[in-house]
Amino acid sequence: MSRVLAVLRAARWVALCCALAQPVRAQAWNDARARELVERATERRAQQLADTALRDYHATAHGYLTFLAQVGENFPDPPKVVRSDELALEVYWRAPNLSKQRIVGRRDTLALPTNIAYHQDHLGIVQNNFPNIIRLGEGDEVRDVPHPLSAAGINDYDFAISDSLSIRLPNRAVEVYELRVRPRDPAQPRLVGALYIDRATADVVRMAFTFTRPAYLDKELEDISIVLENALVQGRFWLPLHQEVEIRRTGKWLDFPARGIIRGRWEISGYETNGGLSSMIFAGGPEITSAPARELAQHEWHGRILDSLPSDVRAASDEDVRKVQEEARALVQQQALARAEGASLSAREASDFVRVNRVEGLALGAGASLRAGGGIVASLRTRYGLSDHELKGRVGIALRRGDGTGIELYGMRDYRDVGDVAERSTAVNSIAAQEFGSDDTDPYDVRGAGVAAELGVHGGLRWRLEGTWERQDSLRIHTAPAWGRYEPTIPARPLREERLTLGFTRQPTAMLAGIETQFSGQIRAGFTQPLAGDDVHDDGQFARAMLTAHGERAVGGGRLVLESTVAGLIGPRDAPPQELVYLGGPVTGPGYDYHQFAGREGGSARIEWRTRVPFFGLSLGPYGRAPASATLAPFATVLYTANSPAFAPTPAGWYPSVGVGALVLFDIVRVDVARGLRRGGWTFSLDVTRDLWPIL
């Protein structure tokens with residue numbers, strides 16, 4: 001039995017995807033062939049509950065329940081693991097429909113503080129491919145969805161045979177029909193997806209589906225996707241083999257780009273059938289129960305949870321789950337899957353509401369968005385500086401699709417920073433600027449309009465194309481800090497500019513030497529024209545490129561981290577200062593001052609070794625307990641700048657530095673001490689981890 005299941009697990013749905021045997025022409029909805037298959041499958045499913053050949057079975061299940069968080073416009077980066085639970089189950093089933101699951105092993109780890117609590121049915125597997133009425137989250141997430149292969153639900157759905165596939169087993173081939181399912185009335189709580197039915201027996205081999213919007217009882221739910229795969233046990237019974245569930249939630253009232261994801265993954269094996277299970281196993285109590293804490297603690301585990309966690313759990317979307325969503329969008333109108341429309345507060349980051357810098361002083365802001373249906377979204381953001389007495393803002397209208405593509409028209413007036421890489425989080429920078437005169441921003445004034453297109457993912461990269469018409473000018477200091485003084489702003493040139501920008505990002509991918517790498521870049525071309533009254537500078541054309549990369553690899557008991565940034569400008573000799581490459585600061589040049597280096601070309605490379613060291617733990621109440629360890633991170637950086645302008649404080653050349661960092665409190669807080677080895681000095685920085693910068 002175990003050898004057969006091992007073969008099935010290894011081959012699993014590679015057989016469905018790669019061993020296409022007899023593709024057939026897609027059938028029309030509800031034709032005679034599809035209807036006959038559905039009726040057979042519904043009848044077979046009812047017979048299974050009364051099948052005397054399978055009286056009972058006992059199996060074991062091993063799984064992960066992981067909570068992840070994702071932030072940023074269009075969620076460009078993969079989600080971060082916040083908490084992961086590893087579970088071991090004993091699974092019992094007895095005819096006709098008795099089910100019991102017992103948690104015999106459970107351990108968890110926190111990567112970030114959270115007080116999340118899972119519904120009880122998230123802690124176990126799905127038996128019998130769901131009952132006739134489907135519920136999730138103990139009825140709090142999804143309730144009263146009729147099963148398409150039930151007497152009560154068969155008439156609530158449309159069916160169509162999409163393909164014919166062959167699964168190669170050790171001693172036989174199983175022919176399977178792919179049966180697509182959609183609701184006849186998308187305004188009702190229904191599922192959408194595909195069923196894979198054994199052509200000979202009409203058994204359910206696989207289910208992959210999501211739900212229509214009316215099925216979700218929790219308004220915060222974005223979508224739920226489910227994949228159930230079965231194995232042929234003893235050559236006769238299709239029983240659970242592999243299961244996946246992904247539950248995605250977004251903000252309840254604040255239209256903030258943040259998402260919470262629950263991912264469950266289960267592998268079921270070790271089947272023992274018709275062993276004469278006692279009825280006492282199923283007596284009383286909930287279906288899923290837990291062994292006493294002492295027994296749970298005695299369960300034998302191997303390695304750490306995060307080390308054994310499947311790598312694709314960290315991906316932006318599991319491949320099977322992504323296909324479920326794509327097929328659902330193809331089967332029903334997008335409105336049937338979309339969240340409820342309406343107006344809400346809007347922000348890109350917390351600092352959109354309040355921030356401090358040397359130009360605006362204290363600045364207060366707010367925003368709102370209106371989802372008008374059909375993918376149309378109108379947005380407005382505004383901010384007012386109490387020291388510069390200037391109103392900044394952005395207004396736009398966009399058409400967005402469920403796959404992340406879309407187009408937006410907008411107008412704006414804002415202060416844009418010249419840096420390719422942020423050197424400090426906006427929230428921490430506000431405190432440092434207000435109290436100590438340390439403002440790690442170099443803004444210049446931008447007014448204009450533009451059109452931006454999100455092009456989706458092609459070649460493994462997510463692409464964005466943007467064209468703008470702008471008026472740019474310099475800014476000056478309007479306030480003073482509580483202590484110290486501010487550095488002057490950059491001498492941005494007053495001009496009009498037409499620019500076209502192509503941006504791209506790639507999510508973490510295992511590449512050369514097993515290093516998990518992610519990168520982003522930008523190629524920009526523009527035409528500049530001096531403002532009226534500027535007789536010193538002529539019209540000019542320029543092109544600019546930038547690339548940042550981040551790589552990580554576990555080595556022994558630590559982690560090797562590599563980072564680099566390169567950028568260059570091609571244009572007239574007197575190129576506008578706002579288009580130059582600026583480096584220096586805690587990220588690109590530790591041990592050197594903020595933007596101490598400026599030039600037409602430049603780059604920074606960093607190598608860091610992270611290892612765990614003992615540290616004191618700290619209770620965070622309902623949000624868990626910080627581990628009694630910290631991460632020590634010695635690093636070395638080298639920076640290069642060339643073709644520096646006259647106003648740059650440091651000449652062109654190579655500038656190395658060394659330092660050490662310490663990450664504490666779930667690695668959320670980072671402290672760095674660094675020394676610049678050429679024209680540098682000692683620097684100290686305190687900030688939160690860069691993973692949180694996009695939301696601060």
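Starting from 1, each residue takes its place in the sequence as its number.
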task = For the residue pair Leu455 and Thr405, establish whether any side-chain heavy-atom pair is separated by less than 4.5 Å.
result = no
request  = Using modelled atom types only, decide if a donor and an acceptor are shared between the side chain of Thr528 and the backbone of Gly540 within a distance under 3.5 Å.
outcome  = yes
ask   = Are the side chains of Arg612 and Leu632 in touch, meaning some heavy atoms are under 4.5 Å apart?
value = no
request  = Using salt bridge (Lys or Arg N to Asp or Glu O under 4.0 Å) as the criterion, list what pairs up with Asp417, not counting sequence neighbours.
outcome  = none
request  = With Arg394 as the cation and Tyr410 as the aromatic partner, state whether NZ or CZ is under 6.0 Å from the six-membered ring centre and within 45° of the axis.
outcome  = yes
ask   = How many angstroms lie between atom CG of Leu68 and atom CZ of Arg263, to the nearest 0.5 angstrom?
value = 5.5 Å
Stepwise ring pair (Phe, Tyr, Trp, His ring centres under 6.0 Å) test for Tyr655 and Phe597 = CA-CA 10 Å; Tyr655 294 86; Phe597 308 93; 4.6 Å; yes
inquiry  = I'd like to check Val421 versus Thr588 (side-chain heavy atoms, cut-off strictly below 4.5 Å). Are they in contact?
reply    = yes
key: SB check Arg355 Glu349 (cutoff 4.0 Å)   = yes
inquiry  = The test is salt bridge (Lys or Arg N to Asp or Glu O under 4.0 Å); show your working for Asp414 and Arg383 and say whether it passes.
reply    = CA-CA 9 Å; Asp414 207 347; Arg383 188 176 73 254; 2.9 Å; yes
query = Would you say Arg381's side chain and Ala368's backbone share a donor-acceptor pair under 3.5 angstrom?
reply = no
note = Checking Asn357, Asp439, Thr441 against Asn429 for side chain to side chain donor-acceptor pair (under 3.5 Å), the one that qualifies is Asp439
Any side-chain heavy-atom pair of Gln472 and Glu497 under 4.5 Å = yes
key: Spacing of Leu580 atom CG and Phe542 atom CZ [to the nearest 0.5 Å]   = 11.0 Å
Ser430 side chain vs Thr426 backbone, donor-acceptor pair below 3.5 Å = yes
key: Under 3.5 Å: donor-acceptor pair, side chain of Thr489, backbone of Leu475   = yes
inquiry  = Keeping His478 on the side-chain end and Arg476 on the backbone end, is there a donor-acceptor pair under 3.5 Å?
reply    = yes
ask   = Are any side-chain N or O atoms of Tyr384 and backbone N or O atoms of Leu364, one a donor and one an acceptor, separated by less than 3.5 Å?
value = no
query = Listed by chain and number, what are the side chain to side chain contact (heavy atoms under 4.5 Å, CB included) partners of Ala422, not counting sequence neighbours?
reply = Trp693
query = For Gly467, does its backbone N or O pair with a side-chain atom of Thr501 as donor and acceptor, under 3.5 Å?
reply = no
ask   = When you measure from the side chain of Thr683 to the backbone N and O of Gly591, does any donor-acceptor pair fall under 3.5 Å?
value = yes
request  = I would like to know whether Tyr444 and Tyr415 meet ring pair (Phe, Tyr, Trp, His ring centres under 6.0 Å); could you show each step before the answer?
outcome  = CA-CA 5 Å; Tyr444 63 98; Tyr415 294 166; 9.5 Å; no
message = A side-chain contact here means heavy atoms from C-beta on lying under 4.5 Å apart; do Val451 and Leu465 qualify?
response = no
request  = Could you check if a side-chain atom of Arg424 sits within less than 4.5 angstrom of a side-chain atom of Val587, using non-hydrogen atoms only?
outcome  = no
query = In Å, rounded to the nearest 0.5 Å, how long is the span from CZ of Arg464 to CD of Glu454?
reply = 4.5 Å
message = I want to check something: taking the side chain as every heavy atom from C-beta on, are Arg506 and Gln518 in contact at a cut-off of under 4.5 Å?
response = no
